[in-house]
2 protein chains.
Amino acid sequence: MKVGGLDYRTIWMENNAVFFIEQNLLPFEFRIAKVTSYAGCCDAIRDMSIRGAGAIGAMAGFAMALAFTEAPVKDLMEFVRKAKAEIESTRPTARNLFYAVEKVFGAGIRLESEAMTEARSIADKDAMDSKAIGEVGNALIRDGYSILTHCNAGWLAFVDYGTALSPIYLAHESGKQVFVYVDETRPRSQGARLTAWELHNSGIPHAVIPDNAAAHLMSRGKISLVITGADRIAANGDTANKIGTLEKAIAAREFDIPFYIAAPSSTFDLQCKSGDDIIIENRNEEEVLYQEGADKEGNLHRIRVCSPGSHAINPAFDVTPARFITGIITEKGVIEPTEISIRNTINH
Amino acid sequence: MKVGGLDYRTIWMENNAVFFIEQNLLPFEFRIAKVTSYAGCCDAIRDMSIRGAGAIGAMAGFAMALAFTEAPVKDLMEFVRKAKAEIESTRPTARNLFYAVEKVFGAGIRLESEAMTEARSIADKDAMDSKAIGEVGNALIRDGYSILTHCNAGWLAFVDYGTALSPIYLAHESGKQVFVYVDETRPRSQGARLTAWELHNSGIPHAVIPDNAAAHLMSRGKISLVITGADRIAANGDTANKIGTLEKAIAAREFDIPFYIAAPSSTFDLQCKSGDDIIIENRNEEEVLYQEGADKEGNLHRIRVCSPGSHAINPAFDVTPARFITGIITEKGVIEPTEISIRNTINH
């Protein structure tokens with residue numbers, strides 16, 4: 001996507017250096033960071049300078065490829081095995097990360113120079129799949145639509161285009177008038193911080209709303225369509241995504257508003273029979289008790305927004321049952337949640 | 001309620017001075033403020049040092065009574081009429097304020113010394129009605145219940161006890177084990193700031209949750225009952241309350257969880273036939289774009305939490321249709337939303 005008139009991906013490789021958008025500084029500063037070793041890549045994943053399923057996958061692939069270039073000739077296998085273990089330990093629940101590391105490792109074992117080619121190909125495929133999701137999803141968007149989205153499933157979370165926001169980018173590029181309602185998405189405010197930044201950067205009309213306001217706007221006929229991303233989709237179509245997705249899905253059905261999930265088909269996890277098999281991570285209560293932001297001078301502060309002495313509960317994800325999902329927008333087309341197992345049985 | 005072992009109301013009168021809890025400083029500081037003139041009362045309402053339907057009503061009554069004591073004998077009528085207009089202009093949409101001012105003004109016109117008696121009686125009735133709501137609501141709470149509440153409808157918003165929190169206080173006092181899930185209630189965070197402060201102060205087990213987490217907790221069987229307050233209840237039972245109430249009500253019905261409104265019967269507005277007649281105020285976007293809180297040293301800061309350049313939409317209330325409401329807990333008993341017009345026809 002363009003930033004300040006120049007084309008950027010979230011992450012890319014030049015010679016033996018990985019460049020990426022430093023996401024810890026957004027939305028208050030746009031800065032490109034550079035790492036030149038697999039250990040540097042690991043640090044960037046660990047400290048969340050890079051985040052989002054697709055972007056982490058691409059970084060992990062580049063990290064594995066760099067390890068092959070760094071390895072001493074006589075101890076190559078020992079070095080790359082150690083590197084693989086370290087990369088895999090950075091974010092132990094990220095599925096794309098393991099997938100990318102395995103693929104690049106396999107390629108490098110066959111022929112060292114293939115590791116870098118494979119890593120680039122993973123990043124390219126992520127961008128292509130994201131654009132394909134956009135093209136599929138764009139067909140669902142009519143001129144004049146107002147679209148609600150939750151959290152950030154935009155290009156910052158992938159290599160380019162993103163998932164939930166990709167159809168919106170392509171609708172905008174194709175000349176349709178769209179307006180986006182952006183859920184703030186407490187506690188980490190990815191909507192207000194990242195999705196709003198992306199849309200403002202691309203000149204797409206939008207407004208941030210408190211997470212509490214979605215059902216009200218639906219009840220007043222302000223929302224044409226809801227699109228969110230997904231962290232994991234079970235075989236029966238139940239979908240885990242950022243906390244709050246379930247509430248929006250229930251409200252959307254109440255007001256007869258189509259509710260779509262946008263995700264690459266790699267998000268389907270057929271090992272999970274249903275949402276009951278998905279474990280919900282409870283994160284640190286401090287994400288709820290404190291908020292980060294910038295003062296007038298642009299200096300960042302962390303302040304307590306909850307009464308001293310009180311504690312918080314902070315489930316990171318929820319599971320939206322398939323019955324609330326109108327369709328899943330994938331790079332291969334829109335499918336109904338109930339079709340997942342059938343499609344995958346046929347495909348494999 | 002007790003604070004630090006001493007009994008407090010939110011607002012009270014001693015001689016010709018009004019004392020009240022300075023709510024702009026909560027939850028980071030507990031301080032009692034004092035005003036001795038009707039103009040001082042008006043300032044406190046305007047700058048929201050006192051907030052909440054019942055507490056504002058009590059302050060307005062005291063303000064009107066003070067005006068009678070301040071008025072010069074020869075221009076009494078002119079003075080009190082001017083004072084009445086000024087008090088009424090402080091928060092033009094607050095129904096309790098107009099009710100209190102009218103009653104105290106009428107009493108003062110009949111007999112000057114009656115103004116103060118009437119003002120005290122309004123504050124006392126608010127506290128009594130709130131306690132009665134608690135007794136009625138306590139009967140709905142079983143030992144071991146987990147209760148979800150939204151925004152702040154506690155004693156700070158009234159003279160004592162409050163509405164939604166009153167049944168919880170009485171359940172706790174009567175020895176029942178209860179746990180309260182407190183919606184943060186963005187954008188103004190009255191849940192995290194005021195409800196959490198009240199519950200912590202009273203030693204009632206609770207946790208603040210992001211507004212996004214309510215449906216998830218319901219889906220996992222964590223919520224026994226929902227109780228919220230109300231700003232206005234239409235003749236058909238449709239209820240206006242803080243933004244987000246509608247989303248919780250829809251989710252509660254989906255998971256078969258009883259959803260109660262707690263409000264004094266003065267909240268019924270039979271002039272409103274249905275929720276369609278209730279106008280929803282859109283407040284300043286800055287409430288969404290910025291957050292206030294305290295740093296480690298307890299100094300207050302206001303920081304931007306939304307991407308620079310983006311705007312926000314900030315509807316202050318929503319309307320929950322009567323079909324989502326299990327019952328309305330009033331000082332006279334629990335009634336079904338559909339019974340409102342019938343009951344009022346019989347009573348009047």
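Keep in mind it's a predicted model, so treat the numbers as computed, not measured. Lettering follows sequence order; numbering is per chain, from 1. Just so it is clear, the values below take in all heavy atoms, side chains as well, and ignore hydrogens, waters and symmetry mates.
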(Q) What's the separation between atom CG in B/D211 and atom CD1 in A/I243, rounded to the nearest 0.5 Å? (A) 11.0 Å
(Q) Check whether B/N212 reaches the backbone of A/R186 with its side chain - one donor and one acceptor, N or O, closer than 3.5 Å. (A) yes
Q) Quick one: are A/H311 and B/V208 in side-chain contact, heavy atoms under 4.5 Å? A) no
Q: Give the minimum heavy-atom separation between B/I303 and A/Q291, together with the two atoms involved.
A: CD1-O, 3.7 Å
(Q) So A/E247 and B/K248, do their side chains get closer than 4.5 Å, heavy atoms only? (A) yes
Q: Locate the shortest heavy-atom distance separating A/P27 from B/P308; write the atom from each residue and the value.
A: O-CD, 3.7 Å
Q.
Please determine whether a side-chain nitrogen of the Lys or Arg among B/E254 and A/R323 lies less than 4.0 Å from a carboxylate oxygen of the Asp or Glu.
A. yes
(Q) Does B/V319 form a side-chain contact (heavy atoms from CB on, under 4.5 Å) with A/S219? I'd like the steps, not just the answer. (A) CA-CA 9 Å; B/V319 174; A/S219 77; over 6 Å; no
**Q.** Partner residues of B/Y145 under the ring-ring contact (aromatic ring centres under 6.0 Å, His included) criterion, sequence neighbours left out
**A.** none
Q.
With a 4.5 angstrom heavy-atom cut-off, is it the side chain or the backbone of B/I280 that approaches chain A, or both, or neither?
A. side chain
Q: Quick one: closest heavy-atom pair of B/N314 and A/P210, and the distance?
A: OD1-CG, 4.4 Å
**Q.** Contact summary for B/V288 and A/E184, nearest pair of heavy atoms
**A.** O-OE2, 4.3 Å
Q) Among residues 224-233 of chain B, which residues come closer than 4.5 Å to chain A, judged by heavy atom distances? A) none
Q. Could you state the interatomic distance from NE2 (B/H301) to NE2 (A/H301), rounded to the nearest 0.5 Å?
A. 6.0 Å
Q.
B/S310 and side-chain hydrogen bond (donor to acceptor under 3.5 Å, both in side chains): which single residue from A/H206, A/H200, A/R193 fits?
A. A/H206
